[in-house]
Amino acid sequence: MPELPEVETVRRQIAPILTGARIQHASIFDPRLVRPFAPDLVAAEIEGERVSTVDRRGKYLIVRFESGLALLVHLRMTGSFRAAAAGGLADDDPHRRAVLKLDNGSDVGYRDVRRFGTWELFQPAELDTYLAARLGPEPLGAFSARALAQRLAVRRTSLKAALLDQRTVAGLGNIYVDEALWHAQLHPLRLAATLATDETVRLHRFMRKVLRLAIERQGASLRDYSTPSGEPGGMQHEFHAYGRGGDPCDRCGTPIAKTRVAGRGTWYCPRCQVDSTQP
DNA sequence: AGGTGGACCCGAACGC
DNA sequence: TGCGTTCGGGTCCACC
């Protein structure tokens, strides 16, 4: 489940390989990846393009070409990249959906078991509009506790639902929301608009801390995620809440509880994360 | 208007 | 052992 830290790890690993390289040949095997457009049309459009930068915005990867064209990649749940020397990608992967052959002697494979991931081509102006409509600020960019407070104040829903909404803050998913809330000692069902200043400050501080640590650990490898070099991340060893139902809370020893919030499996400490707005 | 829940996928884990 | 069922997760899109 690639969230911001996993996507940033992928970006850091593929950026040096892609940047400055020309796409010699593109193969797209799964129509779902680029629909409603035909795979060969999309492949033809990026062939010959030279990569200028590889950026990230929220959970999106942006491969920008010198022509101005941009390839917007979303890994959704199980998308992953794998880099190898030319001809060095395993040839028996049934989940491989695309391959980019570069003019610098590298092959970049794209794999996606569940086929939710997407590749979309954009002209620069369109891309900005598209992203601006979907994403709030980058949590690790110029993002203040005051900005977070402002965004939460207008929401009429739970803290968890508000944080999962990419327009509140870009890049958090189910895992890092639970982790940030555990650190900040806030209940996932707490109404977003009811946070006191010190609570918002805590949430802001810990969401950034957790994301930074996760990037340092190269993301969390639970089921499908691994880095483009094939290594697993290490952040799963730093989890305090996510997936830890029944384990003693690392702060107070109370067993971690599991419930369902905003349609998602949600783990929290029933003692440390008390909802002061609920009876 | 804004929030909620189902659809999209498919492998893993589970139940019998 | 083998089958069927449930689950999960990000985003979009109906629906309330």
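Side chains are part of it too, since the values below use all heavy atoms of this structure and drop only hydrogens, waters and symmetry mates. Throughout, a chain's letter reflects where its sequence line sits, starting with A, and its residues are numbered from 1. Note that the coordinates shown come from a computational prediction; the quantities given were computed from them, not determined experimentally.
With B:dG11, B:dC8, C:dG10 as the choices, the nucleotide that has an atom nearest any side-chain atom of A:His95 turns out to be B:dG11. When the nucleotides C:dG10, B:dT4, B:dC10 are ranked by their closest atom to the side chain of A:Asn174, C:dG10 comes out on top. For A:Tyr60, counting side-chain heavy atoms from C-beta on, the closest listed nucleotide (B:dC9, C:dC12, C:dG10) is C:dC12. In this structure, of C:dG8, B:dG3, C:dC12, it is B:dG3 that holds the atom nearest to the side chain of A:Arg156. The A:Arg32 side chain lies nearest to B:dC8 when the options are C:dT11, B:dC8, C:dG8. With distances taken from any side-chain atom of A:Phe116 to the nucleotides B:dC9, C:dC12, B:dG11, the minimum falls on B:dC9.
When heavy atoms are screened at a 4.0 angstrom cut-off, A:Lys258 is found touching the sugar-phosphate backbone but no base atom. Heavy atoms of A:Tyr176 sit nowhere under 4.0 angstrom from any nucleic acid atom. At a threshold of 4.0 angstrom between heavy atoms, the contacts of A:Arg167 with the nucleic acid are absent. Using a 4.0 Å heavy-atom distance criterion, A:Gly263 is classed as making no nucleic acid contact.
Between C:dG10 and A:Gln166, no contact under 4.0 Å exists linking OP1 or OP2 to a side-chain N or O. For A:Thr157, a side-chain nitrogen or oxygen approaches OP1 or OP2 of B:dT4 to under 4.0 Å. Dashed line: the shortest gap from a side-chain N or O of A:Arg134 to OP1 or OP2 of C:dT11 is not under 4.0 Å. Checking the phosphate oxygens (OP1, OP2) of C:dT11, a side-chain nitrogen or oxygen of A:His74 falls inside 4.0 Å.
For B:dG2, the base has no donor-acceptor partner in the side chain of A:Arg155 [N/O atoms by modelled type, under 3.5 angstrom].
Ring to ring, A:Trp119 and A:Tyr110 are close: their centroids are under 6.0 angstrom apart. If you look at A:His74 and A:Phe116, their ring centroids are not closer than 6.0 Å.
What you find for A:Lys160 and A:Asp178 is that their closest heavy atoms are NZ-OD1, 2.7 Å. Heavy atoms only, all atoms of each residue included: A:Trp267 and A:Ala241 are closest at CB-O, 3.0 Å.
If you measure from atom CG of A:Leu164 to atom P of C:dG8, you get 14 Å, rounded to the nearest angstrom. Residue A:Asp112 contributes atom CG, which lies 14 Å from atom P of C:dG10 at whole-angstrom precision.
For the residue pair A:Arg260/A:Thr266, the side-chain donor-acceptor check at 3.5 Å is not satisfied.
Salt bridge annotation for A:Glu138-A:Arg57: present, with a cationic side-chain nitrogen under 4.0 angstrom from a carboxylate oxygen.
Inter-axis angle, ends of the helix from B:dG2-C:dC16 to B:dC16-C:dG2, five pairs per end, rounded to 10 degrees: 60°.
The cationic atom of A:Arg35 (NZ for Lys, CZ for Arg) does not lie both less than 6.0 Å from the six-membered ring centre of A:Phe37 and within 45° of the ring axis.
By the criterion of side-chain heavy atoms lying less than 4.5 angstrom apart, applied directly or through intervening Ile, Leu, Val, Met, Phe, Trp or Tyr residues, A:Val169 is not grouped with A:Phe206; the two fall into different hydrophobic clusters.
Residue-to-nucleotide proximity on DNA chain B shows that, of A:Ala161 and A:Arg264, the 5′-proximal contact is made by A:Ala161.
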